[in-house]
Amino acid sequence: MSTLFDLPHGGSSWPQESSEPRAGREHDPDQLLADLNPQQREAVVHGGSPLLVVAGAGSGKTKVLTHRIAYLLAARGAHPGEIMAITFTNKAAVEMKERVTDLVGPRARSMWVSTFHSMCVRVLRREAETVRELLAGTSSDPRLNSNFSIYDADDAKRMVTLVARDLELDSKRYPVRTLAAEVSNLKNELLTPADAAERAGNDLERKVADVYASYQRRLADSNALDFDDLIMRTVQLLRAYPEVAEHYRRRFRHVMVDEYQDTNHAQYALVRELVGTRDSGGVEPAELCVVGDADQSIYAFRGATIRNIEEFERDYPQARTILLEQNYRSTQTILSAANAVIRGNTGRRDKRLWSEAGEGEPVVGYVADNEHDEAAFVAGEIDRLVDDGEATFNDIAVFYRTNNQSRVFEEVFIRRGLPYRVIGGVRFYERREVRDVLAYLRVLDNPEDTVNLRRILNVPKRGIGDRAQAVVSVYAEQERISFAAALRRAAGEGLPGLNTRAQRAISGFVALLDELREAVAQSDVADVIETLLERTGYRGELEASDDPQDAGRVENLTELITVAREFSEMRAPSEETSAGESEDVDAAVLPDGSLSAFLERVSLVADADSLPDSEEGMITLMTLHTAKGLEFPVVFSTGWEDGVFPHMRALGEPAELAEERRLAYVGITRARRRLYLSRALMRSAWGQPMTNPASRFLGEVPEDLLRWRRSEAERSAPQVRSSGSRGGGGFDRGSGGAGNGRSSAQSFKDSVAIKLAVGDRVNHDKYGLGTVLTTEGEGARATATIDFGASGTVRLMLIGSVPLTKL
DNA sequence: GACTAACATTTTTTT
DNA sequence: AATGTTAGTC
């Protein structure tokens, strides 16, 4: 398993546009421009006014960005330290930095190439004193310092839970989920609690404003900022302290933003502040170059505003726009399919991708009976492609709309021995045990971190229950001290209303923390984790457990220790400070290898295990969202059914439907040579089988680009008794194979490939009729528990020889 | 305070 | 189907 810390060198071996570093190119602007098309060249050379590069899928936008940077240095006399490039993901940042380094060499060091969030953390840590001043107006005594914790969505939600409980909000009427999302939205819109209160027009909005105010105060008291704060506070800082803004504007004369279509309002404002305007005094505005594609905006649900890219020319009146429409990835057939689908969205800037790669193969369509059939088709087709030497496993990806769809594919792939890897789902750093340990580390690093302190207070169980927690919390509130301080007092002299048992438990806990802090002072992070796993009894509890999942948890913790160890070992060789005007902006705020630095890394770069080592030759399974930015020679996009994709919740909402269509566009344009689109007539969702009509997007793919491998009219077995099945047209053409007199019964003797699902009715030669209660295991180890009524409940191995027939 | 049973919930998720 | 949350009991 790759970890985040091998990023800088190992890099990702993702299939990606190739970069061809050539020595010497960096000194010669003409060389730099040689292998660019006219539009790309224009984007690289353009200087002076703000620049919008509308980069269609596969049009070489990273190439444009990296070459533009190199060109700035080679031909326009820019200093590397004057360049800031902002991306959304760490992967993109690392890739860009690598590719720039290939072009310009080690000078790339002094550029800032980072994500929005890392960049803001860097600024905020540096300016923490000023931020604290900023916060003093909103919180009585903000405890914020440069070692602040970074709260992710989960931490934020926990904090909202605490606040909502405090305000005695009805959790049915005001679900934490909603409250947290609303607060996040407000922050993305740069609205303060006061703004929110002022605008509130209904109960919910008023409650949200209350929650927001209290939430912010508690964050400040916990010496913490959440993800949204990182952006918002930076904007507020730059706006409230012009001298700070000017400092950064003097430093960064060139600002580049990747994936501009995914920016939210706060990020938009941040870019504006960084760039500055004519009237912002002191410095000329920096040169701005943004790159993006409105058609690939699929994160509106997270606050991204397509408006930012659509109205760039209005926001920046002198702006120049360049369209990149030549695609270097896919066949023309695939691009035409993508163009046709995205055309269904109204009000977009028209853009037609084209390619010199030739027509290529037609898009293949397949209508499956159900999700198992769909997966079997995909597996069979993969087998064939690989056998024929048309593709390797590495070349192949399977996309689906939602994560739960991955299961069927895993089952079939295991059964057929196809190597695969699932990207996404529950990520490493979101696993409970990992978060628990990180919570300990966070508390050790930042004693005021209330959320994480409360998380570990009784984990593992040590007799400090809800009751005791409530007492401490109320006391803290009354005395206007932090939860941590109240807890310390409870440990010492006790608290009114706290029984001695709980008090003893708290004393023990506080002593434990003190002991662990000693360890932090003396050893590196990995050893601290080891120590805390022992001393808290956390590992012991897992090892003693009889829950089979807990073994995996122990493994995950071992992995975490490995990650920590690698982190300690790879302290960066001290960054050479670029001579001259760079002032002290680049100096590290957190000591290398420190616990704080580790935690920051882990908070900001938490997609470690989504980085594939693709050497291994595996089929890649992932959601359409995760697929963005990637490419594969062969793509299977599955589940093209109304209700699945587009998702049910998008069907009634035009804006959401448009986003789903963009998702379809993203999915299609990932394919280089071959594209398969499939759907299933019937699919089990939440245990219940559903019949879904074809995705409306499927009908938008021109028929002449599509070749149906199997269409609705020619599916094999008619549905048994799908009551609500509409237009059950295809009874003709009985298609061979199942011609065993009996209509839809499938025997396991003939086909091991058929799985039982809960609720299936079966017939057993000995036990008679039964209903499947549960299923376990995969492939050869698969078993099912079946209720045979009078014959009793039996657990059976689902091997080929079992005398069982599915009805 | 800990354990258990009923209950609800279930899109996507760069940081 | 699987998981987390909450209410009720020991």
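Just so it is clear: chains get the letters A, B, ... in the order the sequence lines come, proteins before strands, and each one is counted from 1.
Among the protein residues, Asn404(A) comes within range of no part of the nucleic acid, since none of its heavy atoms lies under 4.0 Å from any strand. Here Ala92(A) lies out of heavy-atom contact (under 4.0 Å) with every strand. Heavy atoms of Asp152(A) sit nowhere under 4.0 angstrom from any nucleic acid atom. Among the atoms of the strands shown, none is found under 4.0 Å from any heavy atom of Gln267(A). Contact annotation for Tyr299(A): base contact, defined as any heavy-atom pair under 4.0 Å involving a base atom. Nucleic acid contact class of Arg467(A) (heavy atoms, under 4.0 Å, all strands): sugar-phosphate only.
Annotation: of the two residues near DNA chain B, Phe88(A) and Leu663(A), the 5′-most nearest-nucleotide partner is Leu663(A).
Salt bridge annotation for Asp154(A)-Lys157(A): absent, with no cationic side-chain nitrogen under 4.0 angstrom from a carboxylate oxygen.
Per the geometry, NZ belonging to Lys91(A) stands 10 Å off P belonging to dT15(B), to the nearest Å. Put simply, CG on Leu162(A) is 13 Å from P on dT5(C), counting in whole angstrom units. Taking atom OH of residue Tyr429(A) and atom P of nucleotide dT14(B), one finds them 14 Å apart after rounding to whole Å.
The neighbour count for Asp466(A) CG, taken as heavy atoms of other residues, nucleotides or ligands under 6.0 Å away, does not exceed 12.
Stacking of the aromatic ring of His117(A) onto the base of dT15(B) is not found under the criterion of centres within 5.5 Å and planes under 30°. Stacking annotation: Phe301(A) is stacked on the base of dT12(B) (ring centroids less than 5.5 angstrom apart, interplanar angle below 30 degrees).
No option in Gln688(A), Glu371(A), Glu374(A) other than Glu374(A) meets the side chain to side chain donor-acceptor pair (under 3.5 Å) test with Arg683(A).
Ring geometry for Tyr400(A) versus Phe409(A): interplanar angle under 30°, hence parallel rather than tilted (30 to 60°).
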